[in-house]
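The structure under discussion appears below in the form of structure tokens.
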Amino acid sequence: MTVIDPKLNDKQREAVEYLSGPALVLAGAGSGKTRVITQKIAYLLQVCQYDADRVLALTFTNKAASEMRERLSAVLSARQLRGLFVGTFHGLGLRFLRQEGKHAGLQERFSIMDAHDSYAVVQELLNSTDRGRIMAVQQQISLWKNALLSPDEAAAQLSSPSQQEAANIYRSYEATLQAYQAVDFDDLVRLPALLMRTDEELAQRWQQRVHYLLVDEYQDTNTCQYEWVRHLVQPRAQFTVVGDDDQAIYAWRGATVENLQRLKEDFPSLKLIKLEQNYRSVQRILAAANRVIEHNPVIFGKSLWSDLGYGEAIHIEECANERAEAEWVAFNLMQNRTMRQAQWRDFAVLYRSNHQARVLEQFLRQFRIPYVLTGGQSFFAKAEIRDVLAYLRLLANTDDDPAFIRALTHPRKGVGKVTLQRLGSFAAAQGHSLWDALPSFLLSRDQHLSATQKEALEGFYNFIERMLSKIDYRGQQAADFLQLLLRAIEYEHYLFSRYDERPAQARWQNVLDLVDWLMRKVVEDELSIAELVQHVSLVAMLENNEQDEAPDAVHLSTLHAAKGLEFPHVFLIGAEEGLLPHLGRKEDDADATDEEAAAGLAQRIQEERRLMYVGITRAQRSLRISWCQRRRQGREDLVRERSRFIAEMLSAEATQAVTEPPKSADDYLAELKSLFD
DNA sequence: CGAAGAGTAGTTTTT
DNA sequence: CTACTCTTCG
């Protein structure tokens, strides 16, 4: 009656069954780590009789979470799974703050600000339009938050004068968010971590709920996340974290691989289990990956192996420019599909940065090759989606000034920036949100409002007021309300007046998709609008298509978004110095010493190398890498050099293993077989 | 106030 | 090439 998959190897089985204390599973690429996590959850629930609502599994992406849920429901019944939490850190943070937000000065209906909103706040506070500067400050604030530093603590350990300004902004930024009754993405993890640290009673309450914790992609945790995990698992210390130091690619987001070592220090009884058998790739691909990654310093030694045969040679293509590269990809896709009798979905094209997808798309369309794009601009970052959501956010939380402004100006309602500015200072003087200040602003005599302005503002006020009375609707009623709202704001008309026919149509379709999805969500889960809104900004709409089976199409993805995926045949394009490894702008470290700059650079190269490693290890059977001699960047055409990672991969002793045909008859047969089955 | 037109910079990766 | 900002005019 065991639920344990008999196909697990010894190490995997050990990882699943080990319950005597904290465990760190070092899982190399393709070593079956997701399987270990899902099997372990099944083991906990079915064999060890853990209560499902005492088990938590944390992931970084929604995609990973939904995949895990899917795999679990193949093994366990819905009843067994009820109460189990499988979700992202941010998702759990939201749930946490819903319940405990009051301890952080948050009302129940706080808003979640995305990167755009927070950019706007920083812009306002900086009183500047310098993109680079705003983004630098925003990034710095985010890093401080992820390191669990308060504005004061940040100010106390400035490493450069330019950070002084950022620290000041950080302070006001916090005050602004508090006034808006809003949190940003970072807060969803930071506030729970802080509260667990400072509030003993609250901490105990949550610790009682967590009898077993599992964390996926542990190498990508930042200080905040680690701190939160550390507190959640007290005092039992019953947890399993799974990760691979060679696949740590989120340092730029505050993730620190040191969390792997800290774990050892904080939990001396930590059990280390290494998964080194790779079930994904042929040996030649693993050899290439190992050649590259061995140029990084070793943290935990690991040697991946596979028994899937030698495989064909890795192909490296030198292209004239990015158009030639795209054409080469398209041509090879066609040729390979036919030759291998493969399907489109067996292929993936991976690249360092999103804009590389553009040219590619052009050529794939031209060759009539179906493709799907993963990563890239999130659905929720689209202007039309944010517009519609602004109304919902405002309704859920009238203190949400960014939502107020967006709703008032999209579509335009005859109120311009001058009036808005005045309302802004009026509200600030009173210490009220824009919404709360609006009635007295309208009555105030010394504002010299024109009749049209007054009328426009009044119209908006009355409209929102009317909608507000329906905010507590649930289920079907809420769904009806959504439709009413959409019609009332005349958004379709706005889109078509603003954009050309075709783009307007596309945008409107996005809105319809959104509302469709919202309505379904609200009915299925019996949610109120207020509850819905918070979810929406976090949950990707992936679930939307979960039923439609994946179309037969080539996968286009950034290297980051490709982590965790695998494909029989992979194209890794743009392997050039400056792109992969990507080298940031020099001014970034303008006020660091030469030594610091050099150390920083070395770190970045290492992270880029891990990215390359991730890319290579996505491939199961064949890998093609390309680079361009010239590449157009903005208005100039730059001469490029082949990525150092290619040289590393081909380093003298490795060349034969990577590119030459296998020698023995067995190997030769294996290669033939891999081509035809 | 806002629509239309001219001008200009230009995003590494994501919850 | 394009997406966003700034300017000008109605």
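A note on names: the letters A, B, ... follow the listed sequences, proteins ahead of strands, and every chain is numbered from 1. These numbers come from the heavy atoms of this one structure, side chains and all, not from hydrogens, waters or symmetry mates. This is a predicted model, so every value here is computed, not measured.
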Open item on the list: If you only use heavy atoms from C-beta on, which nucleotide in dT14(B), dA3(C), dG2(B) is closest to the side chain of Arg358(A)?
Closed with: dA3(C)
- [ ] Look at the side chain of His560(A) and decide which nucleotide, out of dT13(B), dG10(B), dT15(B), has an atom nearest to it.
- [x] dT13(B)
- [ ] Using only side-chain N and O atoms of Thr61(A), determine if any of them is under 4.0 Å from OP1 or OP2 of dT14(B).
- [x] no
Open item on the list: Taking only the P atom of each, what is the distance from dC4(C) to dT13(B) in whole angstrom?
Closed with: 15 Å
Task: Nearest to side-chain heavy atoms of Thr88(A), which nucleotide of dT15(B), dT12(B), dG2(B) - done: dT15(B)
Task: side-chain N/O Thr419(A) vs dC1(B) OP1/OP2, d < 4.0 Å - done: yes
Open item on the list: Please determine whether a side-chain nitrogen of the Lys or Arg among Arg604(A) and Glu607(A) lies less than 4.0 Å from a carboxylate oxygen of the Asp or Glu.
Closed with: no
Task: Per Arg604(A) side chain, nearest of listed nucleotides dT15(B), dA3(C), dT12(B) - done: dT12(B)
TODO: Answer yes or no for this row: Trp252(A) ring on dT13(B) base, centroids under 5.5 Å, planes under 30°.
DONE: yes
TODO: Figure out the CD1/C1' separation between Ile134(A) and dT11(B), and round it to whole Å.
DONE: 13 Å
Open item on the list: With a 4.0 Å cutoff (strictly under), does any side-chain N or O of Arg632(A) reach OP1 or OP2 of dG10(B)?
Closed with: no
Open item on the list: Reading DNA chain B from 5' onward, which residue's closest nucleotide shows up sooner: Asp186(A) or Glu608(A)?
Closed with: Glu608(A)
- [ ] For the pair Arg323(A) and Glu327(A), find out whether any cationic side-chain nitrogen is under 4.0 Å from an anionic carboxylate oxygen.
- [x] no
Open item on the list: Ignoring hydrogens and geometry beyond distance, is a side-chain donor-acceptor pair present between Glu217(A) and Gln219(A) at under 3.5 Å?
Closed with: yes
- [ ] Quick one: label Phe60(A) by what it contacts on the DNA or RNA (base, sugar-phosphate, nothing), any heavy atom closer than 4.0 Å.
- [x] sugar-phosphate
TODO: Return the value, rounded to whole Å, for the distance between atom OH of Tyr119(A) and atom C1' of dT5(C).
DONE: 11 Å
Task: Closest to side chain of Arg253(A), choosing from dT12(B), dG2(B), dT15(B) - done: dT15(B)
- [ ] Let me know, please, whether Arg352(A) or Lys413(A) comes out on the 5' side of the other along DNA chain B by nearest nucleotide.
- [x] Lys413(A)
- [ ] Sequence neighbours left out, what pairs pass salt bridge (charged side-chain N to carboxylate O under 4.0 Å, His left out) with at least one residue falling in residues 90-101 of chain A?
- [x] Glu100(A)-Arg205(A)
Task: Distance below 4.0 Å between Asn354(A) side-chain N/O and dT12(B) OP1 or OP2 - done: no
- [ ] Might you confirm whether atom CD of Glu124(A) has over 12 heavy atoms from other residues, nucleotides or ligands at distances under 6.0 Å?
- [x] no
